[in-house]
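Counting convention: from 1, in listed order, for ligands and their atoms alike. If you're wondering where the values come from, they're calculated on a predicted model, not measured in any experiment. Scope of the values below: all heavy atoms of this structure, side chains included, with no hydrogens, waters or symmetry mates.
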Amino acid sequence: MLGKHATRPVSSLIETLAILARLYRGRDTVPDDPFGMILWENVGYLIDDERRAALFAEFTERVGLCADDIAAARDTVLLDIARCAGMRPEERVAKRRRIAQITTARAGGDLNAALATLTPAKAAALLRAYPAIGEPGADKIMLFAGLDVRPAVDSNGVRAMLRLGLCREGKSYGVSYRAATAALRTHGKATRAWFTDTYRALKAHGRAVCKRSEPLCVACALSRTCPRTKLKGSY
Ligand code: SF4
């Protein structure tokens, strides 16, 4: 049995992720332009993707999808949408105003156009200035918007990778996140298609099967080889 911090052989990373990519192909639909992805992340708090998609569509229809639209929107409209999206709606309104302000001040009002002129390092730094983005969010946007070929993984994917022994757990989430992306960068296939398929597959697996508190190991396609499966009594 592998210890808590051990990792599996390098060859199994690609094999394991190929299984997940086949299982979860095409199950994730999110915007793929940077400004849209930032709004997508900020449209709700602790809600599933179906609810997030509905709120994003409502926001698009009632407010719009550019910084000027958000700046011109009435507080009552922003608050009305925010109330449907979880706790602390006033904070979400403030975050949307902040998104518009950053875009106007640092991207000339058009984030997507501004990012296309920046180096990957400067583009990622600008993205990290937005609310609720940070390093994982910036990596995801850089990858899905085609601004850079780099690995990205969400919290569901990090959890699944740790349990599968594909990377080592760190002392903080940030350290574990970097271990996960380093494993993908070092041992995966350095193409945009492979990184995006892997992001979607790990996210879907973490949400649907390798859940935070109650992983469904009995229904998991990887239970035979997973070092942390409950079925072996080692979880
Ligand atoms: S066997 Fe269990 S712990 Fe391992 S990946 Fe599957 S659901 Fe997660």
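- Under the salt bridge (charged side-chain N to carboxylate O under 4.0 Å, His left out) rule, Glu41 has a single partner from Lys95, Arg96, Arg52, Lys140, which is Lys140.
- Heavy atoms of Cys217 found under 4.0 angstrom from ligand 1 belong to the backbone as well as the side chain.
- Side-chain contact between Leu20 and Leu222 is present, with heavy atoms from C-beta onward closer than 4.5 Å.
- For the pair Phe144 and Met37, the minimum side-chain heavy-atom distance is below 4.5 Å.
- In summary, an N, O or S atom of Cys210 is located under 2.8 Å from atom 8 (Fe) of ligand 1.
- Atom numbering of ligand 1 starts at 1 in the shown order; those under 4.0 Å from a heavy atom of Ser223 are 1 (S).
- If you check the side chains of Tyr130 and Asn42, you find no donor sitting under 3.5 Å from an acceptor.
- Proximity to His205 (heavy-atom distance under 4.0 Å) selects the following atoms of ligand 1: 5 (S), 6 (Fe).
- Of all the atoms in ligand 1, the ones that sit under 4.0 Å from a non-hydrogen atom of Cys226 are 1 (S), 3 (S), 4 (Fe), 5 (S).
- Under the side-chain hydrogen bond (donor to acceptor under 3.5 Å, both in side chains) rule, Lys203 has a single partner from Asn156, Asp49, Thr198, Asp154, which is Asp49.
- Residue contact check: Leu164 has heavy atoms under 4.0 Å from atoms 5 (S) of ligand 1.
- A donor-acceptor pair under 3.5 Å links the side-chain atoms of Thr196 to the main chain of Ala193, judged by distance alone.
- Under a 4.0 angstrom heavy-atom cut-off, Lys211 registers as lying outside contact with ligand 1.
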